[in-house]
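Side chains are part of it too, since the values below use all heavy atoms of this structure and drop only hydrogens, waters and symmetry mates.
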Amino acid sequence: MIVFVIVIAVVVVIAALLVVLEVQNVRRRRALSHLEPVDPRAGERAMTEASAAHAVTEGTAKAAHPGITGGAGGPLG
């Protein structure tokens with residue numbers, strides 16, 4: 001009998017949690033409905049720009065300190 005009550009209690013708690021999460025999702029969707037749709041390529045574009053910026057920074061650092069990496073024939077290479 002105790003096991004049956006525990007199972008029912010767990011089911012009720014899970015159902016309540018799902019209801020709360022769905023209500024929050026509806027509120028969030030309603031609060032964000034005024035925003036324009038997101039371009040799915042925006043993330044890809046940002047990653048490409050960040051990669052390019054990183055490459056420029058790395059190239060500048062290697063040019064400024066050629067002996068550290070050994071790539072420019074410094075004391076390590």
Side-chain angles (χ1 to χ4, degrees):
M1 181 68 181
I2 290 288
V3 174
F4 185 69
V5 171
I6 291 173
V7 169
I8 289 179
V10 168
V11 168
V12 168
V13 167
I14 291 173
L17 179 66
L18 289 175
V19 168
V20 168
L21 290 175
E22 185 59 31
V23 168
Q24 287 179 346
N25 193 22
V26 168
R27 287 181 182 171
R28 180 187 55 81
R29 221 179 297 134
R30 191 175 301 139
L32 298 177
S33 66
H34 68 282
L35 298 176
E36 51 188 68
V38 178
D39 183 10
R41 295 170 302 212
E44 181 182 339
R45 193 173 330 134
M47 288 296 294
T48 303
E49 290 174 3
S51 178
H54 180 266
V56 169
T57 303
E58 186 176 359
T60 304
K62 286 183 179 180
H65 307 286
I68 294 175
T69 62
L76 299 177

Checklist entry - Looking at residues at least two apart in the chain, or sitting in another chain, which of them share a side chain to side chain donor-acceptor pair (under 3.5 Å) with Arg30? => result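 Side chain to side chain donor-acceptor pair (under 3.5 Å) list for Arg30, sorted by chain: empty.
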Side chains of residues 8-26: which donor-acceptor partners sit under 3.5 Å, not counting sequence neighbours?
unit_1: Asn25; atom_1: OD1; unit_2: Arg28; atom_2: NH2; d: 2.5

Next on the checklist: Using the salt bridge (Lys or Arg N to Asp or Glu O under 4.0 Å) criterion, which residues pair with Arg27? Sequence neighbours excluded.
Outcome noted: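 With sequence neighbours excluded, Arg27 shows a salt bridge (Lys or Arg N to Asp or Glu O under 4.0 Å) to no residue whatsoever.
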Show which side-chain atoms of residues 48-60 pair as donor or acceptor with protein atoms under 3.5 Å away, not counting sequence neighbours.
unit_1: Thr48; atom_1: OG1; unit_2: Glu44; atom_2: O; d: 2.9
unit_1: Thr57; atom_1: OG1; unit_2: Ala53; atom_2: O; d: 2.9
unit_1: Glu58; atom_1: OE2; unit_2: Lys62; atom_2: NZ; d: 3.3
unit_1: Thr60; atom_1: OG1; unit_2: Val56; atom_2: O; d: 2.8

